[in-house]
Amino acid sequence: MDYNFREIERKWQARWAADHTFKAVEDPSRPKYYVLDMFPYPSGAGLHVGHPLGYIASDIFSRYKRLKGFNVLHPMGYDAFGLPAEQYAIQTGQHPEKTTTENVARYRRQLDRIGFSYDWSREVRTCDPAYYKWTQWAFLKMFGSYYDLDADKALPIERLIAAFEQNGTEGVRAACGEEMHFTAAEWKAMSPERRSKVLMNWRIAYQGETAVNWCPVLGTVLANDEVKDGLSVRGGHPVEQKMMTQWQLRVSAYAGRLLESLESLDWTDSLKEMQRNWIGRSQGTEVTFEVETDGVKTPVVIFTTRVDTIFGVTFMVLAPESPLTPLLTAKGQKAAVEEYLAYVKKKTERERIAETKTVTGVFSGSYGINPLTGEKVPVWISEYVLAGYGTGAIMAVPAHDSRDYAFARKFGLEIRPIIAGCDVSEASFDAKEGKMCNSGFLDGMDVKDAIEAAKDYVEAKGLGRRKVNYRLRDAIFSRQRYWGEPFPIYYKDGIPTPLPEEALPLTLPEVDEYKPTEAGEPPLARAKDWTYEGWPLETSTMPGFAGSSAYYLRYMDPHNDKALVSPEADAYWRSVDLYIGGTEHATGHLIYSRFWNKFLYDLGYVCEDEPFRKLVNQGMIQGRSNFVYRVVGTNTFVSVGLKDGYKTQEIHVDVNIVRGDRLDLDAFRAWRPEFADAEFILEDGAYICGWAIEKMSKSMFNVVNPDEVCDNYGADTLRLYEMFLGPIEQSKPWDTKGIDGVSRFLRKFWRLFYDGDRFLPEEGEASPAELKALHRLIGKEQEDIEAFSYNTTISAFMIAVSELTELKCCKRAVLEPLVVLLSPFAPHIAEELWHALGHESSVADASFPAYNAAYTVEDKVTYPVSFNGKLRFTVDLPKSMAPAEVEAHVRALEQTARYVGEQHIVKMIVVPGRIVNVVVK
RNA sequence: GCCUUGGUGGUGAAAUGGUAGACACGAGGGACUUAAAAUCCCUUGGCCCGAAACGGCCGUAUGGGUUCGAGUCCCAUCCGAGGCACCA
């Protein structure tokens, strides 16, 4: 019997599905392990070989953990709401649900061929009303909560309202948009509209006006992580800043906790660092400057991390969008300021980024008073100060801040150094080192000490206070699009009002077109009767990250229609033990999910504070493109090695008709009609293609479909090969050159069991050499899988199989454990052989063989080693070593021992005349 | 500019501070075969000596350092990848 992978794989995939082999059931008597992949967006293009890289890695780990006795939860689903399906719908008029369903079916077919151990009974789709009911539910909970700074967690908004009724804002410490103060009497006197507006200042999900990223081409706002270099991540369309009223999530309230608990996570340092930067904690001071405008005084709070440089302040700067800007514009400067504001406003975000080096600004006509020196300094307005960070106003110290320096140089403002001996003739001196000067009471202090001393001073004198700022902004949560979750909000007398929980899910209505209305309203405004009890419903929808923020919780209890997840299921599965996915979600999904989870944790719906314990980032698989070279003006193609002799045109050729850079000539002629009569200039009888590493994409003809690899080599070979390619965290090009190696390995493995039709395994005792090969592999595999070093595990496998082949091993006692060891990597062939060995149940239910170190130790003899006439230590040497060699070794050891001195040498490995390994206790 | 990474044969890559290049691909040579496929064996970092060797020298981006011993640790430099970027 030959290794017929097509038949074997088809057979076992059908069996696993029919037997529900991988169905996970809560079982408190067994330890759980939750392995999760980042669920895919089912695009129209289908899977390419890059997608399954992470899925294969997690599948191997799942199967391994299962063999180790864990009750493994390994689910899969689809992030099915999103822009591409909607753009397609706008173009074709097809309902996005239709294309999404088709794409999902195609993904599923492709995934099934690779033999994953998913529990498909737990599949979720974010666009399914039974699923998004819980996305809407969470939104309602956020709408109904505020963040209490004393409790340091989210609490029901009713508690805040009760506090307002008692004492107004007095004594309330809670995360909010702007500082607000009112008494209980004032609160009670407010109209319902006013109260609704005021509460928005505290709600965790709230409606508020902010500068948003508006993308005119997509007709929607975008979150910060959906914009890169001033262009939308999806589609690459220009994005501009615009003030708009939008739904937002108060993620900023969780900035401190998101930062702190990062420490406890088993994620890579680089990913944690990315999140740290994104959250951007900075410790500084808020200081109040009196600003005088046409004789009127206004207190202006500025934020700085360097109060110690306050004696070097020579001007102040306001953000153009700051609400203070009109207030602080003096009459005489009004025209100039307005002109500048108009100039800033018409710039797109992209232009703003492109021109960061151009310094612009305008004088406001006001003067601020330095609270420490009483000195008057001019107040300027410039776009280099951001309205959204700190207080939107700064004190400028050009001598010690490079941005202030550039501004001062441009507008001829004074540059006053306050650190002794620094040179500011060419650039600012930003370093926090040196001795203070020109700084009153700080003079002579070291800069590091001055920072603290200045903070203490400012606080003691009541001029300001210490303040921690975060860069992390609230997430804009509405999109003016069709294909997303509708908000469970209606407008009663114009007041945003939550739908009752019983009304969920609020399902997406049918519309005649998927475009915005003529009036510029979102597509949902086209829906007939989009109302609740006669009142209009919200017409925007939620963004992509809404549905993906808590999907890992839904897998724990996917069919529950009473709760997102039952307390029992949550208490059993708790959180994801291993999460595998790409780094591209570092500042999006992975922040939102953590926020969402912490919120649910605060309200007591989940028992773990963090969703993803361990996270592994798989690298990307790039494409390896191939080229042919057409001699210009002909239909003749010249092989790469000879192309320099001709004038040629480089043409991408489909990598699927190239093997090992050799072009399949007939397939090439059949590929395109215009190449049907192509002629070739060969080298060494073959046409060799050129190549380059590029992104895997249709237009480069370098997309390799996993289906084709499964057809030609089998799923087991695909799995093994993708893992053998290199460490999973690393990006690497897909190159089919090496695939024959693993394919050969599997056939060799098969031949340990079958010689033609003869089934070889037999009873009887295994030889020491055979056991040694087996146990070395067991030890190595355990160690490597835990470290996600799958490529070295596979190498160890190849060595073991070569050894056993050479030993002509046919002992069941060796071969049977070998099948179990292989099963996480190549489950189909393992299952087939496992059943051939007479087992009824799946190899997935076998247990991982126990490692016995005794078999791997070589025969050794212990020799005493002495120097200076005293016995110092012993050394193990192979039994087979000749006496003369032993003598040489012992002398070498003595020499080394002299260096090592009195320390005790535990182990030493020696080759003739040379010490190789000394282990010192 | 800042942060995080990485730099090892023709290629993908291995190496708790201890014989660098395991394993695999490719290449070259050979066996089996009418032939091919499949399979198996040998060689394969560079240079040198030699009839042969279990011979010698040089090699992990570059330059220093720590160590009995450095691909691995420390410092500086160069190059690549990813992230952030007027965040005061």
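Computed from heavy atoms alone, side chains included, the values below leave out hydrogens, waters and symmetry copies. Residue numbers begin at 1 in each chain, while the letters A, B, ... track the order of the sequences.
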Chi-based syn or anti call at B:G9, which uses purine or pyrimidine torsion atoms and a 90° bound: syn

Nearest listed nucleotide, side chain of A:F724, among B:A13, B:C23, B:A15: B:C23

Sugar-phosphate only, base, or nothing, as touched by A:S270 at under 4.0 Å among non-hydrogen atoms: sugar-phosphate

For atom CD of A:E584 and atom P of B:A81, their distance in whole Å: 18 Å

Contact nearer the 5' end of RNA chain B, comparing A:I799 with A:S789: A:S789

Phosphate contact (B:G1 OP1 or OP2) by A:S402 side-chain N/O below 4.0 Å: no

Nucleotide B:C86, atom P - distance to CD of A:E321 in whole Å: 13 Å

P-based separation of B:C73 from B:G18 [nearest Å]: 11 Å

Pairing partner (Watson-Crick or G-U wobble, both distances under 3.5 angstrom) of B:C86: none

Whole-angstrom distance between B:C75 and B:G83, as gauged at atom P: 26 Å

Nearest-Å distance for atom pair CZ/C1', residues A:R473 and B:A85: 13 Å

Touch class at under 4.0 angstrom, heavy-atom based, for A:R281 against every strand present: nothing

Proximal nucleotide (of B:C3, B:A38, B:A85) relative to the A:R471 side chain: B:A85

Donor + acceptor pair across side chains of A:D401, A:S428 (<3.5 Å): no

Salt bridge flag under 4.0 Å for residues A:K732 and A:E722: no

Among B:G82, B:A88, B:A13, the one nearest A:K732 by side-chain distance: B:A13

A:Y384: which of A:T358, A:T360, A:D404 passes side-chain hydrogen bond (donor to acceptor under 3.5 Å, both in side chains): A:D404

A:R471 side chain reached by A:Y389 side chain, heavy atoms, under 4.5 Å: yes

Atom P, compared across B:C23 and B:U43: separation rounded to whole Å: 12 Å

Pairing partner (Watson-Crick or G-U wobble, both distances under 3.5 angstrom) of B:C23: B:G12

Nearest-nucleotide pick for A:D401, side chain only, options being B:A15, B:C23, B:A88: B:A88

Which nucleotide in B:G83, B:C25, B:A15 has an atom nearest any side-chain atom of A:R744: B:C25

Per A:R747 side chain, nearest of listed nucleotides B:U4, B:A38, B:C84: B:A38

Comparing A:G741 and A:L271 on RNA chain B - which has the more 5′ nearest nucleotide: A:L271

Stepwise side chain to side chain contact (heavy atoms under 4.5 Å, CB included) check, A:I794 with A:M723: CA-CA 8 Å; A:I794 295 168; A:M723 293 302 106; 3.8 Å; yes

C1' atoms of B:G17 and B:C74, separation to the nearest Å: 13 Å

Test: A:E783 and A:K780 ion pair at under 4.0 Å: no

Rounded distance in Å - CG (A:D2) to P (B:U39): 11 Å

Who pairs with B:U4 - Watson-Crick or G-U, where each distance is under 3.5 Å: B:A81

Sugar-phosphate, base or nothing in reach of A:R751, heavy atoms under 4.0 Å: sugar-phosphate

Touch class at under 4.0 angstrom, heavy-atom based, for A:I394 against every strand present: base

A:N617 CG to B:G82 C1', straight-line distance once rounded to whole Å: 11 Å

Distance, C1' atom - from B:G50 to B:G65, rounded to whole angstrom: 40 Å

A:R594 charged N/C atom sitting above A:W267 aromatic ring, 6.0 Å / 45°: yes

Under 3.5 Å on both distances, the Watson-Crick or G-U partner of B:U62: B:A76

Any A:Q730 side-chain nitrogen or oxygen under 4.0 Å from OP1 or OP2 of B:A13: yes

Pairwise P distance, B:G55 and B:U44 [rounded to whole Å]: 14 Å

Integer angstrom distance from the C1' of B:A14 to that of B:G21: 7 Å

Sugar-phosphate only, base, or nothing, as touched by A:P733 at under 4.0 Å among non-hydrogen atoms: nothing

A:N791 side chain near B:A14 phosphate (N/O to OP1/OP2, under 4.0 Å): yes

Aromatic ring proximity, centroids under 6.0 angstrom, A:F745 and A:F724: no

Closest listed nucleotide, where the reference is the side chain of A:P727 and the choices are B:G83, B:C3, B:A14: B:A14

Approximate separation, where rounding is to 0.5 Å, of A:I302 CD1 and A:L318 CG: 11.5 Å

Among B:C3, B:C86, B:G82, the one nearest A:N277 by side-chain distance: B:C3

Distance, C1' atom - from B:U66 to B:G12, rounded to whole angstrom: 34 Å

Euclidean distance, atom CZ of residue A:F745 to atom P of B:C25 [Å, nearest integer]: 12 Å

Spacing of A:Q622 atom CD relative to B:A81 atom P, expressed in whole Å: 11 Å

Gap between atoms CG and P, on A:L590 and B:G83 respectively (whole Å): 15 Å

Under 3.5 Å on both distances, the Watson-Crick or G-U partner of B:A51: none

Nearest-neighbour nucleotide for the A:K748 side chain, B:U4, B:C40, B:U39 considered: B:C40

A:Y389 vs B:A88: side-chain N/O to OP1/OP2 distance below 4.0 Å: yes

Under 3.5 Å on both distances, the Watson-Crick or G-U partner of B:U67: none

